[in-house]
There are 2 protein chains.
Amino acid sequence: MAVRTDGRRRVDTRREILDAAVEVMAERGVAGLSLSEVARRVGIKQPSLYKHFASLHAVYDEVFREGAERQLEVVAQAVRGSTPGLPAMAAAVEAMGRLAMANPVVAQLLSWRPVPDFTPSEEAFRPSVEMVGVVRTTLRDAVAAGELDPAADSDEGVALFSIVVAGALTQQLANEPNATYEDGRFSSLLPSAYAMFVQYFAPKAGESCTRPERDRL
Amino acid sequence: MAVRTDGRRRVDTRREILDAAVEVMAERGVAGLSLSEVARRVGIKQPSLYKHFASLHAVYDEVFREGAERQLEVVAQAVRGSTPGLPAMAAAVEAMGRLAMANPVVAQLLSWRPVPDFTPSEEAFRPSVEMVGVVRTTLRDAVAAGELDPAADSDEGVALFSIVVAGALTQQLANEPNATYEDGRFSSLLPSAYAMFVQYFAPKAGESCTRPERDRL
DNA sequence: GTCTATACATTGATAGAC
DNA sequence: GTCTATCAATGTATAGAC
């Protein structure tokens with residue numbers, strides 16, 4: 001199970017618990033996490049878990065927090081490594097997509113509410129809030145660069161961006177959770193989905209290309 | 001609980017069970033359905049449920065089947081009652097959105113996979129398959145009417161349509177499941193989300209309005 | 001088609017020894 | 001920080017009387 005270096009039982013039991021938790025969720029569904037099963041896999045007795053986490057929800061909360069933090073890191077890094085504006089947005093979309101497909105369980109925990117009683121704590125949720133800010137800033141950059149219409153820099157712009165990205169990813173996770181980013185029927189359309197967003201908010205350069213009223217159904 | 005007309009205990013116990021099941025799912029989460037709790041609410045003992053349904057999964061399956069059938073009906077009716085092509089599509093989108101917000105639990109069961117072990121039977125899934133056909137036909141009508149580019153009449157077109165619609169609805173269900181169709185932060189953007197799709201597949205009438213390469217990210 | 005009784009499994013959590 | 005022992009719930013499902 002783990003390397004024992006000295007008298008202490010294992011190097012980092014807490015880490016092992018969290019990894020086992022994700023493993024169990026992958027097999028039984030996100031809502032199917034069980035501390036008994038986790039303990040079995042880590043090789044300790046179930047009551048011992050309570051020395052590391054106060055409750056089942058505390059485990060969920062930490063998986064959520066780490067997942068949200070990782071997502072923020074990955075996106076922020078993608079943005080930093082690209083030209084501000086549309087290139088940064090495109091890089092962020094791809095980064096989110098690859099991360100979600102590599103960690104389907106965590107992605108489901110973050111974007112749905114699959115566990116009846118569990119609501120993430122404020123602290124666990126913080127990185128997600130911060131990521132909305134990153135997206136908003138990137139949208140603003142794209143507007144400043146003349147790549148998007150000013151209307152994109154708004155709550156509505158952020159919401160539509162999230163609809164498109166989360167839409168592709170959750171459809172993928174619900175229908176073919178084990179596909180790869182490249183081969184998934186929906187995840188492979190993520191670039192196209194993103195292109196829909198970009199085109200929708202294309203700058204009206206001198207009105208040469210008319211765009212229909214946005215709120216007309 | 002129910003009207004008793006004669007010696008028989010109730011008019012339709014099966015119906016009451018299904019209704020109670022949805023109620024329980026609404027309170028405990030879709031994965032939190034329990035036959036014991038359902039029995040309690042219907043006013044019978046838990047073993048009696050097995051005279052009506054073979055197992056817990058059988059209850060899930062029937063809720064799924066009825067939900068899928070209702071969705072198909074509602075969409076088909078919206079399409080029939082509108083001019084073929086874009087008007088029919090717009091009507092379908094609105095119908096799907098209103099139905100989902102009126103029945104959030106069923107919508108979650110249909111569009112996510114929230115229950116660890118449960119997979120809908122082929123029969124329960126049939127209406128959903130049929131609905132893909134309805135969407136495809138409507139896309140074809142829109143292309144024939146010159147309202148959409150021929151590229152929209154494809155598997156990719158159907159997938160992108162579903163990404164946009166399911167994206168808006170699942171974001172809404174995950175974040176504000178109790179909002180109304182009109183007031184939800186995401187569901188209220190459904191028309192805009194749909195407009196993104198329409199604009200993306202706008203016919204290139206004589207190339208007067210250029211559209212970027214679709215698969216370029 | 002409803003009931004009682006019961007088998008059987010699983011779980012989250014606590015107390016207290018070491 | 002790990003263990004044993006235990007509690008108290010909850011759950012699905014079956015057998016068999018009426």
Side-chain angles (χ1 to χ4, degrees), chain A residues 1-25 27-64 114-119 121, chain B residues 1-63 114-119 121:
Chain A
M1 303 300 185
V3 187
R4 275 84 167 164
T5 52
D6 53 329
R8 301 208 322 283
R9 186 149 159 56
R10 43 174 58 71
V11 180
D12 192 351
T13 310
R14 187 187 161 86
R15 180 76 266 135
E16 284 184 46
I17 291 171
L18 290 169
D19 293 344
V22 171
E23 199 180 287
V24 172
M25 287 192 261
E27 291 172 21
R28 302 188 175 186
V30 179
L33 178 60
S34 136
L35 292 188
S36 309
E37 182 60 27
V38 168
R40 232 167 273 137
R41 302 195 185 201
V42 174
I44 62 178
K45 298 299 172 182
Q46 177 253 13
S48 305
L49 283 182
Y50 286 80
K51 293 290 176 184
H52 301 273
F53 292 94
S55 68
L56 173 64
H57 278 32
V59 176
Y60 273 123
D61 208 55
E62 182 58 12
V63 173
F64 189 105
V115 187
D117 288 334
F118 168 67
T119 309
S121 67
Chain B
M1 306 295 190
V3 187
R4 274 83 166 167
T5 53
D6 52 332
R8 299 205 327 281
R9 186 148 159 56
R10 45 174 56 73
V11 180
D12 193 352
T13 310
R14 187 185 161 85
R15 181 76 265 139
E16 284 184 47
I17 291 171
L18 290 169
D19 292 345
V22 171
E23 200 180 286
V24 172
M25 287 191 260
E27 291 173 21
R28 301 189 176 186
V30 178
L33 178 59
S34 136
L35 292 188
S36 308
E37 181 60 25
V38 168
R40 233 167 273 138
R41 302 195 185 201
V42 174
I44 62 179
K45 298 299 173 182
Q46 177 253 13
S48 304
L49 283 182
Y50 287 80
K51 293 289 176 185
H52 302 272
F53 292 94
S55 69
L56 173 64
H57 278 33
V59 176
Y60 273 123
D61 207 56
E62 182 60 11
V63 172
V115 187
D117 289 333
F118 168 69
T119 309
S121 66

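Hydrogens, waters and symmetry mates play no part in the numbers below; they use all other heavy atoms, side chains included.
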Rounded to whole Å, how long is the line connecting atom CG of A:Asp117 with atom C1' of C:dG12?
12 Å
Which donor-acceptor pairs under 3.5 Å do the side chains of residues 44-58 of chain B make with protein atoms, sequence neighbours left out?
unit_1, atom_1, unit_2, atom_2, d
B:Ser48, OG, B:Lys45, O, 3.4
B:Ser55, OG, B:His57, N, 3.4
B:Ser55, OG, B:Ala58, N, 3.2

Would you say B:Ser48 reaches C:dT4's phosphate, i.e. side-chain N/O to OP1/OP2 under 4.0 Å?
no
Grab the CZ-P distance between B:Arg14 and C:dT2 for me, whole Å please.
13 Å
Please give me the minimum heavy-atom distance between B:Val38 and B:Ala20, naming the atom from each residue.
CG1-CB, 4.1 Å
What's the NZ-P distance between A:Lys45 and D:dT4, to the nearest Å?
5 Å
Mind calculating the distance between CG (A:Leu49) and P (C:dT11) to the nearest angstrom?
12 Å
How close or far is atom C1' of C:dG12 from atom CZ of A:Phe53, stated in whole angstroms?
16 Å
How does protein reach along nucleotides 11-18 of chain D, written 5' to 3' as B (base within reach of a heavy atom under 4.0 Å), S (only sugar-phosphate), or - (no contact)?
SBBB----
Hey, could you give me the CE/CG distance between B:Met25 and B:Leu33, rounded to the nearest 0.5 Å?
5.0 Å
Identify, with sequence neighbours excluded, every residue that meets side chain to side chain contact (heavy atoms under 4.5 Å, CB included) alongside A:Glu37.
A:Val24, A:Arg28, A:Ser34, A:Arg40, A:Arg41
Report the residues that fulfil salt bridge (Lys or Arg N to Asp or Glu O under 4.0 Å) with B:Asp19, sequence neighbours left out, ordered by chain and then residue number.
B:Arg15
So, does A:Tyr60 use its side chain to make a donor-acceptor pair with the main chain of A:Val115 at under 3.5 Å?
no
